[in-house]
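A note on names: the letters A, B, ... follow the listed sequences, proteins ahead of strands, and every chain is numbered from 1. Treat the numbers as computed from the prediction; the structure is a model and nothing was measured.
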There are 2 protein chains.
Amino acid sequence: MDVIDPLTLGDERCHKVKRVLSHVGDKWSVLIIVTLIREQKRFSALKREINDISQRMLALTLRNLERDGLVERIVTPSIPPRVDYRLTEMGHSLADPVLTLGQWAIEHLDRIDEANARYDAGNR
Amino acid sequence: MDVIDPLTLGDERCHKVKRVLSHVGDKWSVLIIVTLIREQKRFSALKREINDISQRMLALTLRNLERDGLVERIVTPSIPPRVDYRLTEMGHSLADPVLTLGQWAIEHLDRIDEANARYDAGNR
DNA sequence: CAGAATCCTTTGCGATACTG
DNA sequence: CAGTATCGCAAAGGATTCTG
């Protein structure tokens, strides 16, 4: 099967797709991936650039991304220790569709805000 | 700005994108959108096709999608009442990038599973 | 049929403190 | 610097019951 057809998508496979999308959909994952597109970054740099992420969520999300083979952890044993993160090849291949989605989001932000306002006005 | 550049993405806009992506990333939203691509569906039909969604989450997610102007609610006043849901034009425009992402997910499921297995084996 | 409302459990996640 | 560990709150979400 090359094209998604939810009607013929088996339960098992469907469940897997959901799982993957739930990772991808996670806002921290998306932000980390997007942040790593240009170049690898250190833990502290990621923390600084994604300003409102807690170091707990950064560590957790990075570990999940690493577990999924999307991000690679590069340890330089030194004092103080240095750890860089970079996208794997698979991570980069994911960046494309993610950017497409981000693109859509940016293009439709205003219309969504309008829709929200209209909806809220109607149900007041 | 036409291309996403996280480095030049202002905080305000960045925050909005995050908000949109958090909707889009929501697994129930994604499933509903994908399910509605081909044709409009009734509440009960959606509930049946997305087998493990609770009616609570279905109602809540549909209302959010409607609020965002992605899904339209079509009420046929009859007894028993009939309510159909269909994608708006904006909803359809979102379906494209979402399917692209789903496509990526399907294509990389196996490699992700392998990566998971490798990671778990390494950290045992 | 299509939901709203209530209850109650689980999970997510931030804050804080501690380590190699 | 780059994390881990623990705590505690807030939000998510399932099960169930009720209604136009």
Side-chain angles (χ1 to χ4, degrees), chain A residues 11 15 18-32 35-36 39-68 71-86 119-120 122-124, chain B residues 15 18-32 35-36 39-68 71-87 119-120 122-124:
Chain A
D11 261 11
H15 182 263
K18 279 188 244 177
R19 232 194 49 219
V20 173
L21 286 182
S22 81
H23 281 207
V24 169
D26 174 55
K27 74 170 179 178
W28 296 133
S29 298
V30 171
L31 286 174
I32 290 175
T35 306
L36 289 180
E39 52 182 0
Q40 64 178 55
K41 299 252 164 71
R42 311 180 54 161
F43 188 89
S44 51
L46 282 170
K47 173 120 183 53
R48 205 176 321 113
E49 293 190 29
I50 307 174
N51 45 14
D52 55 348
I53 191 174
S54 65
Q55 104 266 43
R56 182 178 173 275
M57 286 317 293
L58 181 55
L60 281 177
T61 309
L62 280 171
R63 207 184 308 138
N64 280 327
L65 289 173
E66 192 196 352
R67 182 166 185 270
D68 282 349
V71 158
E72 209 167 353
R73 193 162 174 274
I74 300 157
V75 182
T76 310
S78 61
I79 299 178
R82 176 192 180 98
V83 180
D84 287 86
Y85 291 90
R86 75 165 167 216
Y119 185 92
D120 294 345
N123 295 30
R124 192 194 320 144
Chain B
H15 182 263
K18 280 187 244 177
R19 234 195 46 222
V20 173
L21 286 181
S22 79
H23 282 206
V24 170
D26 175 52
K27 74 171 176 175
W28 297 133
S29 299
V30 171
L31 286 174
I32 290 174
T35 306
L36 288 179
E39 53 181 359
Q40 63 179 57
K41 298 254 166 68
R42 309 180 57 162
F43 188 90
S44 51
L46 282 169
K47 172 117 183 56
R48 204 176 321 114
E49 293 191 29
I50 307 174
N51 44 14
D52 55 349
I53 191 174
S54 64
Q55 100 273 39
R56 183 177 172 275
M57 287 316 294
L58 180 55
L60 282 176
T61 310
L62 280 172
R63 206 186 306 140
N64 280 328
L65 290 172
E66 192 196 352
R67 182 167 184 269
D68 282 347
V71 159
E72 209 168 353
R73 194 162 172 273
I74 300 157
V75 182
T76 309
S78 61
I79 301 176
R82 176 192 180 98
V83 179
D84 287 84
Y85 292 90
R86 74 164 168 216
L87 293 185
Y119 184 91
D120 294 344
N123 295 31
R124 189 193 324 146

Which pairs pass salt bridge (Lys or Arg N to Asp or Glu O under 4.0 Å) with one or both residues in residues 53-62 of chain A, sequence neighbours excluded?
none
Would you say a side-chain N or O of B:Tyr85 is under 4.0 Å from OP1 or OP2 of C:dC1?
no
Whole Å only: how far is the CD1 atom of B:Ile53 from the P atom of C:dA2?
14 Å
For a side-chain contact (heavy atoms from CB on, under 4.5 Å) check, start with the C-alpha distance between B:Leu46 and B:Ile53, then their side-chain angles and the critical distance, and finish with the verdict.
CA-CA 9 Å; B:Leu46 282 169; B:Ile53 191 174; over 6 Å; no
Please state how far atom CD in A:Gln40 lies from atom P in D:dA2, giving the value in whole angstrom units.
12 Å
Has the side chain of B:Lys41 got a donor or acceptor atom that lies under 3.5 Å from a matching backbone atom of B:Tyr85?
no
B:Thr35 pairs by side chain to side chain contact (heavy atoms under 4.5 Å, CB included) with which of B:Ile50, B:Leu87, B:Val30?
B:Ile50
For A:Ser54 and C:dC13, is the shortest distance between a side-chain N/O and OP1 or OP2 below 4.0 Å?
no
Could you state the CD1-P distance from A:Ile50 to D:dA2, rounded to the nearest angstrom?
14 Å
Separation between CG of B:Leu58 and CZ of B:Arg63, rounded to the nearest 0.5 Å:
11.0 Å
Determine the minimum heavy-atom distance between A:Trp28 and A:Met57, stating which atoms define it.
CD1-CE, 3.9 Å
One should read off an interatomic distance between B:Arg42 CZ and B:Thr76 OG1, to the nearest 0.5 angstrom, of 8.0 Å
Within the structure, does a side-chain N or O atom of B:Arg73 lie under 4.0 Å from either OP1 or OP2 of C:dA2?
no
Which of residues 55-67 of chain B sit near DNA chain C, with a heavy atom under 4.0 Å from it?
B:Gln55, B:Arg56, B:Arg63
Quickly work out the A:Asp84 CG to D:dA2 P distance and round it to whole Å.
8 Å
At 10 degrees resolution, what angle do the end axes of the helix from C:dC1-D:dG20 to C:dG20-D:dC1 form when each is taken over five base pairs?
50°
Mind calculating the distance between CD1 (A:Ile74) and C1' (D:dC1) to the nearest angstrom?
16 Å
Among B:Asn64, B:Thr61, B:Leu65, exactly one meets side chain to side chain contact (heavy atoms under 4.5 Å, CB included) together with B:Val71. Which residue is that?
B:Leu65
Using side-chain contact (heavy atoms from CB on, under 4.5 Å), reason through A:Leu31 and A:Glu49 one step at a time and then give a plain yes or no.
CA-CA 10 Å; A:Leu31 286 174; A:Glu49 293 190 29; over 6 Å; no
Let me know the distance between CD1 of B:Ile79 and P of D:dT19, rounded to the nearest Å.
18 Å
Atom CG of A:Leu31 and atom C1' of C:dC13: how far apart are they, to the nearest Å?
16 Å
Please state how far atom CZ in B:Arg48 lies from atom C1' in C:dA2, giving the value in whole angstrom units.
13 Å
